[in-house]
Amino acid sequence: MNSAGQPYRLLPFRFRRRLKSVLLVNDVGEFYFLKKQLFDAFIAGNLDKKTGEFADLKANGFLFDSHLAETIDLLATKFRTKKRFLYDFTNLHMFVLTRRCNQECAYCHAASVGDADTADLDMAKDTARKALEIAFKTPAPAIKIEFQGGEPLLNLDTLKSIVDYAKELNETAQKHVEFVVCTNLVALTENTLDYFKENHIDISTSLDGPRDIHDACRTLLHGGGTYDIVSEKIAWINEALGYNRLSALLTVTPYNLYRLDEVVDEYIRQGLGSIFIRMLNPFGRAYLNRSNLYYSVSEFVENYAKTLDYIIRINLGGKFFSEYFAALLLTKILTPFATGFVDLQSPGGLGISGVVYDTNGDIYVSDEARMLAATTGDKAFCIGNVHDNSWKDAFCSPQLRTIVEASCIESLPGCAWCAYQPYCGNDPVRNYASSGNMRGKRPEDESCKRHWALFDLMFDYLEENGPNVQDVFWSWLTERRLDEVKLN
Amino acid sequence: MTEKMRLELPSDAYSHEAIMNAAYDYTEKAVIRIDSITAEKISVTIKFKNLEGFPLSELIDQFTASVLDHQVQININRDTQKIREMIIAQAFEPCDNLEEIVAAVKP
């Protein structure tokens with residue numbers, strides 16, 4: 001009994017009322033569906049200790065009746081694990097090798113320009129060296145170097161110089177270094193593919209669906225679709241590097257929004273093992289073409305839900321294929337681990353998880369920050385330049401602290417009391433771009449609405465607790481086949 | 001069509017903070033003005049931007065339920081605040097004498 005005469009006391013949590021239950025979520029992301037009729041008794045300290053609900057709530061960190069110190073220690077360990085990304089300070093370093101591109105995608109948010117041979121559109125080798133020296137100053141023991149553009153293969157010389165210099169720096173730094181190139185594959189040659197294979201460079205590309213969908217938005221600079229080229233190169237890569245060394249991203253547009261099942265079929269046909277169904281980013285050409293590219297959050301969520309169900313059925317039919325964002329949300333809900341997905345963490349990943357080095361050496365806290373500057377000239381989220389500033393100048397600056405502070409959802413109205421807070425995040429750049437305010441306004445924020453709806457969807461699946469669906473989810477989280485995960 | 005209604009909530013059951021938090025959540029749907037706060041009651045005027053086919057009374061009930069849920073959350077936060085702070089402190093600055101600290105802090 002505590003001093004109030006109650007048999008137990010509450011631990012910190014937030015709640016959300018659902019149709020059949022009240023969802024409880026504590027600060028370390030443990031959750032519980034409590035029957036509606038028991039909620040009032042629970043919060044009043046009157047839940048019967050002999051019930052299964054009491055035992056579950058105690059085991060999951062929602063109440064205690066003894067051993068408070070041990071309970072705090074356990075929850076602290078889980079909390080530290082959730083925030084593990086803080087210890088890997090800036091592990092993703094993105095290099096914009098060029099602003100030139102050989103495509104002219106309708107939704108390009110990277111402010112890419114034509115393929116004119118103009119030196120000031122490319123990252124010079126000395127800029128790349130200085131950026132790399134800053135990247136290796138990061139405390140993170142493992143770093144990922146990502147090559148972006150425009151189309152990064154149009155500046156292959158600088159790409160290779162970065163790989164070589166990274167190896168040289170790492171003889172002293174002794175970090176775990178990975179490379180990935182984000183390319184549309186048009187300029188990929190067999191020699192370049194061999195180079196990627198020899199230097200263990202992973203490849204990320206875009207595939208929007210079958211031919212008519214893909215070619216609707218992803219066109220060559222001087223006209224014509226890119227589906228045939230991309231399909232050929234995907235086949236090359238699968239043969240040369242093996243499956244799962246290539247990842248493909250989907251950008252949802254009105255052209256594929258109502259045909260996502262066909263997109264999934266296309267991904268499977270092309271030998272890809274997962275899909276990332278992501279909503280369009282409102283930057284760059286996507287913003288300029290918004291009248292043709294717009295769709296609502298509710299339309300996106302409705303079609304996402306249908307497609308997720310389709311993907312689950314594919315898995316239940318014996319084929320492993322995952323949806324990246326669902327797997328991400330489930331990792332956050334079902335495991336204590338951080339995911340590294342910078343948009344869904346608090347503090348947000350701007351600068352502290354990932355950073356972008358622009359062609360001229362400007363350092364931005366995220367891709368969106370760079371795009372904001374490229375399209376509007378607003379450099380509010382530029383924290384320095386590799387030619388003028390040190391690592392400390394950029395990463396220990398009051399400016400970065402202000403940006404990171406604005407991303408801490410624990411103190412933002414709306415987020416502070418949201419049940420999904422342990423799983424979610426906030427993007428000050430997107431808020432600033434849409435409202436002029438880094439903190440944004442949750443009730444009007446489309447990202448918030450989308451995340452809320454998708455979390456609701458995942459908890460619908462979890463509350464229903466269909467055993468086969470749970471097995472599919474765990475096969476995604478553990479990246480094992482369904483038959484290896486199923487208990488029966 | 002927009003409609004508004006004046007709502008009076010007893011101060012001993014609903015805090016100013018709960019009403020503010022609920023009002024924030026309803027920003028997109030309604031304009032909410034806190035008219036007066038006394039020891040007995042808090043008076044609020046709510047003007048919904050779009051009734052969306054619902055009777056005003058039903059929307060008012062939803063808002064009132066939201067205020068109540070916010071009050072419940074505020075009460076939980078108040079009762080568990082010290083424990084929350086100890087969890088975060090232990091997460092990033094762990095100490096071996098946690099039992100002594102818990103006994104001293106009496107959360």
Side-chain angles (χ1 to χ4, degrees), chain A residues 2-4 6 9-17 22 24-28 39-40 42-45 61-64 66-84 86-87 410 412-419 421 440-446 448-449 452, chain B residues 13 15-32 48-50 52 61-107:
Chain A
N2 60 20
S3 58
Q6 294 165 326
R9 279 187 57 200
L10 301 179
L11 290 167
F13 70 92
R14 281 166 288 274
F15 66 95
R16 176 163 169 76
R17 295 190 189 271
V22 180
L24 314 180
V25 183
N26 67 17
D27 283 353
V28 301
F39 181 67
D40 288 347
F42 165 58
I43 58 174
F62 291 95
L63 61 83
F64 72 97
S66 63
H67 299 98
L68 178 57
E70 290 86 342
T71 301
I72 288 175
D73 200 34
L74 178 60
L75 291 172
T77 302
K78 292 182 180 180
F79 191 85
R80 190 186 316 121
T81 306
K82 279 280 188 197
K83 302 293 185 183
R84 182 72 184 89
L86 292 173
Y87 295 91
E410 287 84 353
L412 293 182
C415 299
W417 51 77
C418 179
Q421 187 202 104
K441 210 165 189 181
R442 302 283 77 70
E444 299 166 0
D445 181 39
E446 293 214 331
C448 178
K449 290 177 188 174
W452 207 347
Chain B
S15 67
H16 177 212
E17 185 183 352
I19 296 171
M20 290 285 284
N21 291 356
Y24 182 84
D25 283 350
Y26 271 71
T27 305
E28 203 181 27
K29 296 181 189 175
V31 177
I32 298 170
F48 280 91
K49 297 175 185 174
N50 184 346
E52 295 171 344
D61 286 346
Q62 289 177 10
F63 176 76
T64 309
S66 175
V67 174
L68 181 60
D69 275 352
H70 276 289
Q71 188 59 56
V72 168
Q73 186 65 69
I74 288 166
N75 294 345
I76 292 169
N77 291 349
R78 181 194 60 228
D79 294 345
T80 61
Q81 181 60 30
K82 285 186 183 175
I83 296 176
R84 171 175 275 129
E85 288 169 0
M86 293 183 75
I87 291 169
I88 295 170
Q90 182 67 2
F92 295 110
E93 288 284 348
C95 54
D96 295 330
N97 60 335
L98 193 53
E99 282 203 32
E100 291 175 27
I101 296 172
V102 168
V105 171
K106 296 188 180 62

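A quick note: this is a predicted structure, and the numbers were derived from the prediction, not measured. The sequence lines fix the lettering, A, B, ..., with proteins before strands; numbering per chain opens at 1.
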task = Pick one of side chain, backbone, both or neither for B/Asp25, based on which atoms fall under 4.5 Å of a heavy atom in chain A.
result = both
key: Residue B/Ile76 versus chain A: region with a heavy atom under 4.5 Å   = side chain
message = Any donor-acceptor pair under 3.5 Å linking the side-chain atoms of B/Asp69 with those of B/Gln73?
response = no
ask   = Regarding B/Asn77 and B/Gln81, is there a side-chain donor-to-acceptor distance under 3.5 Å anywhere?
value = no
Crowding at CG, B/Asp96 (>12 non-hydrogen neighbours, <6.0 Å) = no
What donor-acceptor contacts under 3.5 angstrom involve side-chain atoms of residues 16-23 of chain B, with partners at least two apart or in another chain?
none

Heavy-atom proximity to chain B below 4.5 Å, by part of A/Lys82 = neither
inquiry  = Please rank A/Leu68, A/Asp27, A/Thr77 by heavy-atom pairs under 4.5 Å with chain B and give me the top one.
reply    = A/Asp27
inquiry  = If we define contacts as heavy-atom pairs under 4.5 Å, which of A/Lys78, A/Lys83, A/Arg442 has the most with chain B?
reply    = A/Arg442
query = What option among B/Asp79, B/Ile101, B/Val72 has the most heavy-atom pairs under 4.5 Å with chain A?
reply = B/Val72
ask   = Any idea which of B/Ile74, B/Asn75, B/Val102, B/Leu98 has the most non-hydrogen atom pairs under 4.5 angstrom with chain A?
value = B/Leu98
ask   = Is the gap between the ring centers of A/Phe15 and A/Phe39 under 6.0 Å?
value = yes
request  = Not counting sequence neighbours, which residues clear ring pair (Phe, Tyr, Trp, His ring centres under 6.0 Å) with A/Phe64? List them please.
outcome  = none
